Every structure is written in structure tokens, then in C-alpha cells.
Amino acid sequence: GFRRATTNPAEPGLAGQGGGKYITLFVDLTLDTTIHEVGHFIHRDDDKLFDAFKALSGWELLTVADFTKLIPDQKDRTKLLKVLDADRVLATTDTYFEGDPHEFDGHIYRFSRYDSDPANPRYFRLNKDACFITPYAATEPKDDFAETFAAYFDKPAELQQKCPDKYKFMHVRVMAE
């Protein structure tokens, strides 16, 4: 079901959130926000589907230990982890900041906004040339799916033109299966 609230005091910039059996919509109710939150329910319900979607952009969840394997040079690795962790700290004080993309060796790196514990931080690596329908979609695979799902309904021609593989995925894998 849906619930409506004026704001989430813990995160005033949040437009909506899904959890348990409800979708809560904050501030202005829009079709895009509503469908975005429904998209979260779909990816949470089907790990195999979500893994296939993440593969389209090359999303990989990483730990600090993974960086040692991926970036053997300690100076490069330390420099990248330092900027990623600075983004994470900034995001704790600025609810509108989702982190910046940091390019290294043909990939984009970001801190994980949803899956991190400060004592055990996690990060994402994705393909540098991955296609995203919105800048917000490029911040995290869960929001990539939700934004793509919303665009399939709200602006399908734009999604098909800008990110044809993701349009096809939504059309064939999500809507037809």
C-alpha cells in the first residue's frame, strides 16, 4: 500500500521510500516518484532479475580488500579510497549529496550509500561507458533500476533512445516475464 507524509525528519530531501509492505511518498506526489518506489519493490523481490540488470552497467559491490586486487599500486589505491571516503563523510552532513563519480582505469568508482557501515565501508565500481537515464540513476544500482523502471512508464521514448539496452531489459525481462 501507499502512505503519504509531508517529510521524513531524518532525511528532509527524500522524495519517497519503500520498506516492509508500504511505499511512503514525501512532499509532492508525482507519477515519477511513485513509479520509482514501485521499482524498488520489484528489484528487491527478484535477486536474479536484479543481478542481470546490474550487469548492464557492470555494477560491482566492493570492500576495501577488493581494491588491493583491483588496484595493485598502493598510491593510486589510497588516493581513490581517500576521495571516496571524503564523499561518504560529506554525504552524512548533506542529504542532497550522493557522491561524485571517480574515474580510474576505465571504471567509475562511488561509495555505497545504502550498504555501508562506517567500520566496514563498501563501494561500487561500474563501467565508465555505462548508460544512465538520470544522474541519480548513476549513483547506486538500486536507484539505477528504480529510475529506469520509472522512465519506462513516464518517458519511454527517451529511455529507448538514450539507453536502449535498459529499455529492452525493462520491456522483455520485467514486463513480459
Side-chain angles (χ1 to χ4, degrees), residues 3 5-20 22-28 30 32-33 36-44 47 50-51 53-151 163 166:
R3 294 187 300 195
T6 55
T7 62
N8 177 343
E11 296 184 67
L14 196 63
Q17 68 186 31
Y22 292 101
I23 295 173
T24 302
L25 301 168
F26 302 109
V27 193
D28 297 324
T30 66
D32 188 55
T33 300
H36 171 103
E37 295 304 328
V38 170
H40 282 305
F41 274 80
I42 291 170
H43 75 68
R44 280 189 208 125
D47 290 339
F50 189 44
D51 287 344
F53 178 80
K54 289 186 293 187
L56 294 173
S57 296
W59 287 105
E60 298 174 73
L61 186 60
L62 308 173
T63 64
V64 172
D66 294 322
F67 279 78
T68 303
K69 299 172 204 158
L70 296 170
I71 306 173
D73 183 81
Q74 184 178 2
K75 185 177 177 182
D76 289 340
R77 182 174 62 248
T78 301
K79 182 180 177 182
L80 180 57
L81 284 167
K82 186 176 181 176
V83 296
L84 290 168
D85 289 336
D87 281 358
R88 178 189 323 284
V89 170
L90 180 56
T92 63
T93 59
D94 181 349
T95 58
Y96 295 100
F97 181 69
E98 284 103 17
D100 291 322
H102 299 282
E103 185 179 338
F104 181 81
D105 199 27
H107 291 90
I108 299 296
Y109 291 83
R110 305 187 76 102
F111 76 94
S112 174
R113 296 185 350 233
Y114 298 130
D115 300 311
S116 280
D117 163 359
N120 185 24
R122 297 187 341 168
Y123 310 88
F124 284 108
R125 180 172 95 150
L126 56 142
N127 296 335
K128 179 180 116 179
D129 298 324
C131 178
F132 298 100
I133 192 64
T134 65
Y136 187 61
T139 66
E140 217 277 342
K142 295 172 185 175
D143 287 313
D144 184 12
F145 187 96
E147 288 285 284
T148 303
F149 182 78
C163 302
K166 289 184 179 179

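Remember, predicted model here, so these are calculated numbers, not experimental data.
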Give the minimum heavy-atom separation between [X] and [Y], together with the two atoms involved.
X    : Y    : result
K128 : G106 : CB-O, 3.3 Å
F97  : A91  : O-CB, 3.5 Å
W59  : A137 : CZ2-O, 3.8 Å
S112 : E140 : OG-OE2, 4.4 Å

L61 vs F124 side-chain heavy atoms within contact, under 4.5 Å: yes

Minimum side-chain heavy-atom gap S57-D144 below 4.5 Å: yes

When rounded to the nearest 0.5 angstrom, what is the spacing between [atom1] in [X] and [atom2] in [Y]?
X    : Y    : atom1 : atom2 : value
K142 : K54  : NZ    : NZ    : 8.5 Å
H43  : D51  : NE2   : CG    : 12.0 Å
R122 : L62  : CZ    : CG    : 10.0 Å
I108 : T139 : CD1   : OG1   : 13.0 Å
K79  : Q74  : NZ    : CD    : 14.5 Å
L70  : E60  : CG    : CD    : 6.5 Å

L81 vs V64, side-chain contact (heavy atoms from CB on, under 4.5 Å): CA-CA, chis, key distance, verdict: CA-CA 8 Å; L81 284 167; V64 172; 4.2 Å; yes

Whether F50 and F53 hold their rings parallel, tilted or perpendicular, with breakpoints at 30° and 60°: parallel

Aromatic ring pairing F149/F145, orientation class (parallel under 30°, perpendicular over 60°, tilted between): parallel

Sidechain N-carboxylate O distance under 4.0 Å for R113, E98: no

Y123 six-ring centre to R88 NZ/CZ under 6.0 Å and within 45° of normal: yes

[X] side chain vs [Y] backbone, donor-acceptor pair below 3.5 Å:
X    : Y    : value
T78  : K75  : no
N127 : D129 : no
K166 : L56  : no
T93  : L90  : yes

Given D87, L126, L84, the one that forms side chain to side chain contact (heavy atoms under 4.5 Å, CB included) with Y109: L84

